[in-house]
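Whatever order the structure lists them in is the order used to number ligands and atoms, beginning at 1.
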Amino acid sequence: MAVYTTLAALELATLIAHYDVGTLVSAKGIAEGVSNSNWLIETSEARFILTMYEQRMDVAELPFFLGLLDHLAAKGSPVPRTIHDGGGAAFRTVGGKAVALIEFLPGVSVDRPTPAQARAVGAALAGLHRHAADFTGERANSLALPQWRELFADCGADGLASIDPALPATVAQELAFLEASWPHHLPRSVIHADLFPDNVLLLDDRVSGLIDFYFACRDLTAYDLAVTHSAWCFDRDGTFRADISAALLAGYGPLSADEAVALPVLARGAAMRFMATRAYDWLNTPADALVTRKDPMDFARRLAFYQQAGAQAFAA
Ligand SMILES: Nc1ncnc2c1ncn2[C@@H]1O[C@H](COP(=O)(O)OP(=O)(O)O)[C@@H](O)[C@H]1O
Ligand SMILES: N[C@@H](CCOP(=O)(O)O)C(=O)O
C-alpha cells in the first residue's frame, strides 16, 4: 500500500483550486507502488494523478524528473505531462511535503506480456532514448555500481546470509567481476532505469503510458535496455522467456556492436542493482510497514541465468 500520508478533503480541494483543472469531485488512494503516496483525482474536467513525494525523494531533484516528463510528452513519448499551477510551478508543498499533479494515462500493467506487447515496450524505450537526446537536465545515477557495493555492505555478510546462505559469496564475486568489466565507454543518455511491467501501461498491444521516472538519470543507454530485459523476460517462477526477449530486442532496434557485446555484462549489473535495493529493503523494512517487500532472490536467480547464458540470453 503506498499511501503514507492522509489528506483531508478540504486540504485536497484547496490544493486542486491552485490548478486550472475544474473542481474536485473525488480522490482515491492508490495501493500500488512503494515509494510515494499517490491518489487518483477526478475533477469536473478530467482525471489526474496526485503524487506526494515521501522521505526517499530529494525535492531538489523534482525539476529534473518533472521537466523530463514534460520534455518527453512534448516529443511524443507516451509519458504523463505535469500539470502546472496558476503561478506556473510544477510542484507545490502541502504539510511540508512536495506534491505534483500529473496527467492520468489510460491502460493497465500486465503480469505476463505477450511478444507483441514486449515488442511495443522495446520500441517505446527506444523512443524515450531518442526523445531525451536534447533534454538538458542532468542527474547522475544514484544507484550505480559504487552504490550497489555500499548497499550490500550495509546489509552485511550475516544479513545477506540470512536471506540465502550462498548470497555473501555470490555478491562478493559478482561485484569484483562487474568492477573489472563494466563498459564505461558506451554511449550515454537519459535513461528510465526502472522500466518494470508495473511502470508501463498498455492498451492491448499499444504502450499507452510510461510512468514512474523517479530513478531516471544519465547513464549508459544500453544499461536501460538491460534493466528492461531483466524485468520483462522472466516468468513468475523465474523461467526465462526467449520469445519475450527476442521481441523486446527487436522492438528496441539495432544496437552498436560494442553495446551488443556488452549486454550480458549490463544485464548482470541490472540483476545486481535490483538485488542490492531489494536485499537492503528486505533487511530494513519493519514487519508492520505498509509496503510489501520484494524478494531479492528473484534477481539472484536472474543473475545466475545471465552468468550461465552469456550472449545466448540475447540471441534473436
Ligand atoms: N500518470 C499515470 N496515469 C495512470 N496511472 C498512474 C499514473 N501514475 C501512476 N499511476 C498509478 O499509480 C501507481 C503507482 O505509481 P508509481 O509512480 O509507480 O508509484 P511508486 O513510485 O510509489 O512506485 C501505478 O502503478 C499506477 O497504477
Ligand atoms: N522496480 C523495483 C522497485 C521500485 O519500485 P517502483 O514501485 O517505484 O517501481 C523492484 O522491482 O525492485
Exercise for the section: Provide the number and element of each atom of ligand 2 under 4.0 Å from a heavy atom of Asp194. Expected result: 1 (N), 2 (C), 4 (C), 6 (P), 8 (O), 9 (O)

Exercise for the section: Look only at interatomic distance and state if Asp212 has a nitrogen or oxygen under 3.5 Å from any nitrogen or oxygen of ligand 1. Expected result: yes

Practice task
Please indicate whether Tyr280 has more than 12 foreign heavy atoms, meaning atoms of other residues, nucleotides or ligands, lying under 6.0 Å from its OH.
Solution key: no

Handout entry: Salt bridge present between Arg112 and Asp235 (N-O < 4.0 angstrom)
Key = yes

Exercise for the section: Verify the ring-centre separation between Tyr306 and Phe240: is it less than 6.0 angstrom? Expected result: no

Practice task
Step through the shown structure and confirm whether more than 12 heavy atoms of other residues, nucleotides or ligands are within 6.0 Å of CG on Asp158.
Solution key: no

Completion exercise
Within 4.0 Å of some non-hydrogen atom of Pro80, the atoms of ligand 1 are 1 (N)

Fill in the blank from the handout: The atoms of ligand 2 lying under 4.0 Å from a heavy atom of Asp212, numbered in the order shown, are 6 (P), 7 (O), 8 (O), 9 (O)

Problem - Asp237 CG: over 12 foreign heavy atoms closer than 6.0 Å - result: yes

Problem - Within reach of ligand 1, part of Asn199 (heavy-atom separation under 4.0 Å) - result: side chain

Problem - Close-contact set for ligand 1 against Asn36 heavy atoms, below 4.0 Å - result: 21 (O), 22 (O)

Completion exercise
One finds that the ligand 2 atoms under 4.0 Å from a non-hydrogen atom of Arg278 are 10 (C), 11 (O), 12 (O)

Completion exercise
A student checking ligand 2 against Phe196 at a 4.0 Å heavy-atom cut-off should list atoms 1 (N), 10 (C), 11 (O)

Completion exercise
Near Ile30 (heavy-atom distance under 4.0 Å), the atoms of ligand 1 are 12 (O), 13 (C)

Problem - Exceeds 12 heavy-atom contacts within 6.0 angstrom, atom CD of Gln312 - result: no

Practice task
Check the side chains of Asp258 and Ser256 for a donor-acceptor pair under 3.5 angstrom, ignoring hydrogens and angles.
Solution key: no

Problem - Any Asn199 heavy atom less than 4.0 Å to ligand 2 - result: yes

